[in-house]
A.B. asks: 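Dumping the structure here so I can ask a few things about it.
So that the names make sense, note that chain A is the first sequence line, chain B the second, and so on, each numbered from 1.
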Protein chains: 2
Amino acid sequence: MPSLPIHPAGLSQPKFSQLNGFASDFLSHPQPFRPYKVPESDDDVKDDPKVELESKDLWDSFHKFGTEMVITKSGRRMFPPFKVKVSGLDKKAKYILLMDIIAVDDCRYKFHNSKWMVAGKADPEMPKRMYIHPDSPSTGEQWMQKIVSFHKLKLTNNISDKHGFTILNSMHKYQPRFHLVRTDDVLKLPYSPFKSFIFKEMEFIAVTAYQNEKITQLKIDNNPFAKGFRDTGGGKREKK
Amino acid sequence: MPSLPIHPAGLSQPKFSQLNGFASDFLSHPQPFRPYKVPESDDDVKDDPKVELESKDLWDSFHKFGTEMVITKSGRRMFPPFKVKVSGLDKKAKYILLMDIIAVDDCRYKFHNSKWMVAGKADPEMPKRMYIHPDSPSTGEQWMQKIVSFHKLKLTNNISDKHGFTILNSMHKYQPRFHLVRTDDVLKLPYSPFKSFIFKEMEFIAVTAYQNEKITQLKIDNNPFAKGFRDTGGGKREKK
DNA sequence: ATCTTTCCCACCTAGGTGTGAACC
DNA sequence: ATGGTTCACACCTAGGTGGGAAAG
């Protein structure tokens with residue numbers, strides 16, 4: 001066997017990526033997590049995680065009118081993007097950061113007379129996937145160093161989706177959640193201490209086309225990719 | 001501590017990513033690897049890795065004229081991109097795949113009278129970084145499933161580069177190498193069995209501007225991002 | 001003078017937006 | 001008739017090309 005002199009001049013941390021950062025199926029059934037802190041253990045006095053939602057003001061301005069998120073067959077990102085600042089982690093410990101999206105209630109909605117109203121019982125929900133942040137696992141120090149972004153998560157209404165996108169029902173209400181798990185390996189996820197966070201202002205209704213024009217305008221005004229639809233300056237379209 | 005019901009409906013494999021897939025500095029000094037196969041051990045009869053260079057014909061057509069790779073301050077990809085098909089791995093074992101680029105000789109070159117000639121002794125080399133494939137570590141099965149691409153590697157001549165790009169000397173000759181390490185953790189890299197591969201047709205001279213117009217033409221004809229410079233059809237430029 | 005490097009540019013690829021008509 | 005969904009599209013962001021003038 002030839003033996004070349006290799007000099008690894010610097011090596012990075014284990015991360016998640018590919019498959020759009022999404023999940024495969026070897027742990028495809030709901031599993032309970034162990035509580036985050038077990039008083040008897042020595043391991044858990046080392047951190048006290050705090051999580052702050054980025055662009056809270058922007059989320060609030062959407063939430064005020066009733067946030068809508070478009071879902072498409074080919075997959076659509078959320079806007080605003082879900083980003084958090086994390087602090088209070090154990091710098092040396094490894095963490096996996098995840099998010100998922102759960103149904104808020106058992107209702108189907110409709111937008112009638114400029115208002116969202118209950119329109120019956122919810123359709124059956126598809127099993128929800130966990131979106132593991134592609135940098136996972138990383139040390140507490142690395143997570144706290146920069147803003148953690150989940151903007152690559154995609155939503156779809158295609159129940160046959162093979163990309164690993166999050167499948168939602170149109171005209172149903174959802175709540176994103178954020179999970180912080182202290183572990184160095186995905187395989188240990190189900191048995192590792194964790195903490196979960198919910199930001200009420202991130203609640204939204206999934207739609208295939210925007211219902212509330214105030215929401216449409218907020219998207220256009222704030223999403224750089226929709227700049228082409230702005231009245232002012234940059235865009236080429238004029239309001240009539 | 002609130003304990004939300006989490007259902008991880010599928011979890012993916014540990015990967016590398018971010019920092020452009022590049023290295024940080026906690027293992028920043030050359031280290032010897034253990035030989036790939038140790039006869040006394042049980043662990044090593046499980047695989048017999050084979051590696052095949054993708055687009056070998058394209059590499060050959062460049063190599064025939066003397067491949068040149070542009071290096072810039074802001075970082076430049078290689079073209080053709082380095083891609084391999086891997087086979088003969090242990091499906092269940094985990095591997096980390098890496099590449100690096102080493103100086104071929106101790107010479108500085110110049111392009112004179114349409115030929116590359118030695119023009120003196122080489123300039124001092126910067127320490128070379130290992131580029132760890134962002135999907136690392138993954139199982140043999142996953143690596144063999146699809147073509148493994150290192151196209152995101154970037155070359156630079158900026159000795160102060162902070163991105164983790166590979167720093168090369170202009171007008172010097174280089175040889176990319178490919179390394180296959182059987183391990184599930186970067187931290188174990190220096191002590192894990194490995195195998196290295198070299199493709200002679202990937203040898204190149206680093207330049208800040210193309211010297212051989214035949215190389216320029218091959219790049220334009222084959223790199224999709226240079227389509228704008230093609231004479232034929234798609235492009236808008238006309239040769240004069 | 002000659003050779004090499006730098007910078008901005010037009011021109012691409014790749015892919016994220018809401019639109020509005022068509023479809024169901 | 002109504003309401004929800006789909007699709008091609010123009011218009012963006014983001015970033016990978018070599019050219020050519022200017023600089024070193």
Side-chain angles (χ1 to χ4, degrees), chain A residues 20 68-81 108-112 117 119-120 123 151-158 169-172 205-213 215-231 233-237 239-240, chain B residues 20 68-81 108-112 117 119-120 123 151-159 169-172 205-213 215-231 233-240:
Chain A
N20 305 294
E68 300 173 25
M69 295 289 176
V70 169
I71 57 180
T72 67
K73 200 174 167 186
S74 58
R76 202 77 152 190
R77 293 185 180 175
M78 290 200 291
F79 190 90
R108 157 179 271 277
Y109 289 80
K110 66 175 175 184
F111 194 71
H112 195 65
M117 316 180 61
D123 297 330
H151 69 282
K152 286 194 173 172
L153 172 80
K154 284 196 174 181
L155 312 179
T156 185
N157 58 347
N158 181 8
N169 287 327
S170 184
M171 313 308 272
H172 289 58
I205 290 180
V207 296
T208 56
Y210 290 125
Q211 305 294 309
N212 186 344
E213 62 179 16
I215 292 298
T216 310
Q217 203 52 49
L218 276 173
K219 300 261 184 178
I220 290 173
D221 290 343
N222 294 283
N223 189 335
F225 289 111
K227 189 178 279 185
F229 298 101
R230 292 181 193 166
D231 304 335
K236 281 170 181 164
R237 287 175 187 239
K239 207 167 206 172
K240 292 181 179 179
Chain B
N20 305 293
E68 299 172 26
M69 295 289 176
V70 169
I71 56 180
T72 67
K73 201 174 167 185
S74 57
R76 202 77 153 190
R77 292 185 180 176
M78 292 201 290
F79 190 89
R108 157 179 271 277
Y109 288 80
K110 65 175 175 185
F111 194 70
H112 194 65
M117 314 179 60
D123 297 330
H151 69 283
K152 286 194 174 172
L153 172 78
K154 285 195 172 182
L155 312 179
T156 185
N157 58 347
N158 181 9
I159 58 172
N169 287 327
S170 185
M171 314 308 271
H172 288 58
I205 290 180
V207 296
T208 55
Y210 289 125
Q211 305 295 309
N212 186 344
E213 62 179 15
I215 293 299
T216 310
Q217 202 52 51
L218 277 173
K219 301 261 184 175
I220 290 172
D221 290 343
N222 294 283
N223 190 335
F225 290 111
K227 188 178 279 184
F229 296 101
R230 291 181 194 166
D231 304 336
K236 281 171 181 165
R237 286 174 189 239
E238 295 301 325
K239 208 168 205 170
K240 292 182 178 177

A.B. asks: Can you tell me the distance, in whole Å, between the NZ atom of B/K219 and the C1' atom of D/dG18?
C.D. replies: 11 Å
A.B. asks: Rounded to whole angstroms, how far apart are NE2 on B/H151 and C1' on C/dT13?
C.D. replies: 12 Å
A.B. asks: Got B/H172 and B/R108 here, is their nearest side-chain heavy-atom distance under 4.5 Å?
C.D. replies: yes
A.B. asks: What's the spacing between B/T216 OG1 and B/Q211 CD if we round to 0.5 Å?
C.D. replies: 9.0 Å
A.B. asks: Extract all donor-acceptor atom pairs below 3.5 Å that involve side chains of residues 218-225 of chain A and protein atoms in other chains or at least two apart in sequence.
C.D. replies:
{"unit_1": "A/K219", "atom_1": "NZ", "unit_2": "A/E68", "atom_2": "O", "d": "2.8"}
{"unit_1": "A/K219", "atom_1": "NZ", "unit_2": "A/F79", "atom_2": "O", "d": "2.9"}
{"unit_1": "A/D221", "atom_1": "OD1", "unit_2": "A/Q217", "atom_2": "NE2", "d": "3.2"}
{"unit_1": "A/N222", "atom_1": "ND2", "unit_2": "A/L218", "atom_2": "O", "d": "2.7"}
{"unit_1": "A/N223", "atom_1": "OD1", "unit_2": "A/F225", "atom_2": "N", "d": "3.0"}

A.B. asks: Nearest whole angstrom, please: distance from the C1' of C/dA14 to the NZ of B/K152.
C.D. replies: 12 Å
A.B. asks: Counting only side-chain heavy atoms from C-beta out, which of D/dG3, D/dT5, C/dG18 sits nearest to A/N157?
C.D. replies: D/dT5
A.B. asks: Within this structure, what is the CD1-to-P distance between A/I215 and C/dT17, rounded to whole angstrom?
C.D. replies: 16 Å
A.B. asks: To the closest 0.5 Å, what do you measure between OG1 (B/T156) and NZ (B/K73)?
C.D. replies: 9.0 Å
A.B. asks: Please tell me which of A/Y210 and B/A209 maps to the more 5' nucleotide of DNA chain C, matching each residue to the nucleotide holding its nearest heavy atom.
C.D. replies: B/A209
A.B. asks: From the list D/dT6, D/dG19, C/dG18, which nucleotide is the closest neighbour of the side chain of A/T208?
C.D. replies: D/dT6
A.B. asks: Among the candidates D/dG19, C/dG18, C/dT4, find the nucleotide nearest to the side-chain atoms of B/K110.
C.D. replies: C/dT4
A.B. asks: Stem list for DNA chain C, please, built from Watson-Crick and G-U wobble pairs under 3.5 Å and keeping only runs of at least 3.
C.D. replies: C:3-24 with D:3-24
A.B. asks: Please determine if a side-chain N or O atom of A/K227 lies less than 4.0 Å away from the OP1 or OP2 oxygen of D/dT13.
C.D. replies: yes
A.B. asks: Check A/S170 against A/T208 and note the closest heavy-atom contact, atom names and distance.
C.D. replies: OG-N, 3.6 Å
A.B. asks: Would you please confirm or rule out a distance under 4.0 Å between OP1 or OP2 of D/dG16 and any side-chain N or O of B/K154?
C.D. replies: yes
A.B. asks: Starting at atom CD1 of A/I220, determine the distance to atom P of C/dG16, rounded to an integer number of angstrom.
C.D. replies: 19 Å
A.B. asks: When the distance from CG of B/D231 to P of C/dC12 is rounded to whole Å, what number comes out?
C.D. replies: 13 Å
A.B. asks: Check A/T72 against A/N157 and note the closest heavy-atom contact, atom names and distance.
C.D. replies: C-OD1, 3.3 Å
A.B. asks: Hey, which sits more toward the 5' end of DNA chain C by its nearest nucleotide, B/S170 or B/A226?
C.D. replies: B/S170
A.B. asks: Just call it for B/T72: base, sugar-phosphate, or nothing, with non-hydrogen atoms closer than 4.0 Å on any strand.
C.D. replies: nothing
A.B. asks: Are any of B/N223's side-chain N or O atoms less than 4.0 Å away from OP1 or OP2 of C/dC12?
C.D. replies: no
A.B. asks: What is the separation between atom CZ on B/R230 and atom C1' on C/dT13, rounded to the nearest whole Å?
C.D. replies: 11 Å
A.B. asks: In whole angstrom, give the distance that lies between atom OH of B/Y109 and atom C1' of C/dT4.
C.D. replies: 18 Å
A.B. asks: What are the two closest heavy atoms between A/L155 and A/I71, and how far apart are they?
C.D. replies: CB-CG2, 3.7 Å
A.B. asks: At less than 4.0 Å, is any side-chain N or O atom of B/N222 found next to OP1 or OP2 of D/dT17? Yes or no.
C.D. replies: no
A.B. asks: Of all the nucleotides listed (C/dC12, C/dG15, C/dT6), which has the minimum atom distance to the side chain of B/F225?
C.D. replies: C/dC12
A.B. asks: Please list, by residue number, the residues of residues 73-81 of chain A whose heavy atoms come closer than 4.0 Å to an atom of DNA chain C; answer none if no residue qualifies.
C.D. replies: A/R76, A/R77
A.B. asks: Specify the closest pair of heavy atoms between B/K110 and B/M171, including all atoms of both residues, with the distance to one decimal.
C.D. replies: CA-CE, 4.2 Å
A.B. asks: Under a 4.5 Å cut-off applied to non-hydrogen side-chain atoms, are B/V207 and B/V70 in contact?
C.D. replies: yes
